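Just below is one structure, and these are the notes that go with it.
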Amino acid sequence: QVQLVESGGGLVQAGGSLRLSCAASGRTFSNYAMGWFRQAPGKEREFVAAISWSGRNTYYADSVKGRFTISRDNAKNTVYLQMNSLKSDDTAVYYCAAGAKPYAGRTINEYDYWGQGTQVTVSS
């Protein structure tokens, strides 16, 4: 079992930045690929970014490429999502997810554990 707790969400103006953190506990963090997803009101949960267990491979949704950066610190059991140049379309609840495999991608079914989410609101 892996427990995931997100933090760092909040209210920011368009063009601003936020850094989300996801702290993991329970199993060996470095054995898991990690991902960030988001869900806006009335919409389905969508992929944002993913990172392999080693941190060497990263993947992004086209909508955030060049603005968001995913990273991880295996010594701290934490994955991060640095979000720059935020837009109102980025407003959503952001979820951290862990997949019990070296690599995981864009689909929800690839992930085994989920956090409770953190709200990000971008005002225009």
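Because the structure is a prediction, the values reported are computed rather than measured.
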Go through the structure and list residues passing ring pair (Phe, Tyr, Trp, His ring centres under 6.0 Å) with Phe47, not counting sequence neighbours.
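Checked Phe47 against ring pair (Phe, Tyr, Trp, His ring centres under 6.0 Å); matches are Phe37.
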4.5 Å side-chain heavy-atom contact, Gln119 and Thr91
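Gln119 vs Thr91: side chains touch.
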Are the side chains of Ser63 and Arg38 in touch, meaning some heavy atoms are under 4.5 Å apart?
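The answer is yes; the side chains approach within 4.5 Å.
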Using the salt bridge (Lys or Arg N to Asp or Glu O under 4.0 Å) criterion, which residues pair with [X]? Sequence neighbours excluded.
{"X": "Arg45", "result": "none"}
{"X": "Lys43", "result": "none"}
{"X": "Arg72", "result": "none"}

Is there a path of hydrophobic side-chain contacts, each under 4.5 Å between heavy atoms of I/L/V/M/F/W/Y residues, joining Tyr111 to Val5?
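No, Val5 does not connect to Tyr111 through the hydrophobic network.
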Between [X] and [Y], what is the shortest heavy-atom contact and its length?
{"X": "Ala104", "Y": "Ala50", "answer": "O-CB, 3.6 Å"}
{"X": "Ser124", "Y": "Ala14", "answer": "CA-CB, 4.2 Å"}
{"X": "Trp114", "Y": "Ile108", "answer": "CZ2-CG2, 3.6 Å"}

Answer yes or no for Arg19 and Tyr80: cation-pi contact, defined as NZ/CZ to six-membered ring centre under 6.0 Å and angle to ring axis within 45°.
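Cation-pi check for Arg19 and Tyr80: passes.
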Please list all pairs passing the disulfide bond (SG atoms under 2.5 Å apart) test where one or both residues lie in residues 23-124, with sequence neighbours left out.
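Qualifying pairs: Cys22-Cys96.
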Which residue pairs pass the disulfide bond (SG atoms under 2.5 Å apart) test when at least one of the two sits in residues 38-73, sequence neighbours left out?
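Listed once each, the pairs would be none.
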Other ILVMFWY residues reachable from Tyr60 by side-chain steps of under 4.5 Å
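Tyr60 clusters with Val2, Leu4, Val12, Leu18, Leu20, Phe29, Tyr32, Met34, Trp36, Val48, Ile51, Val64, Phe68, Ile70, Val79, Leu81, Met83, Leu86, Tyr94, Tyr113, Val120, Val122.
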Lys87 atom NZ: more than 12 heavy-atom contacts under 6.0 Å
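Counting other residues, nucleotides and ligands, NZ of Lys87 stays at 12 neighbours or fewer.
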Does CD belonging to Gln116 count more than 12 external heavy atoms closer than 6.0 Å?
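At most 12 heavy atoms, drawn from other residues, nucleotides or ligands, come within 6.0 Å of this atom.
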Name all residues meeting the side-chain contact (heavy atoms from CB on, under 4.5 Å) criterion together with [X]; count only those two or more places apart in sequence or in a different chain, and write none if there are none.
{"X": "Thr107", "result": "Glu110"}
{"X": "Asp89", "result": "none"}
{"X": "Ser30", "result": "Thr28, Asn74"}
{"X": "Ser17", "result": "Gln82, Asn84"}

With sequence neighbours excluded, give me every salt bridge (Lys or Arg N to Asp or Glu O under 4.0 Å) pair touching residues 52-66.
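Applying salt bridge (Lys or Arg N to Asp or Glu O under 4.0 Å) to every pair that reaches into residues 52-66, excluding sequence neighbours, yields Asp62-Lys65.
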Donor-acceptor contact present, side-chain Glu6 to main-chain Gly117, <3.5 Å
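Yes: the side chain of Glu6 pairs with the backbone of Gly117.
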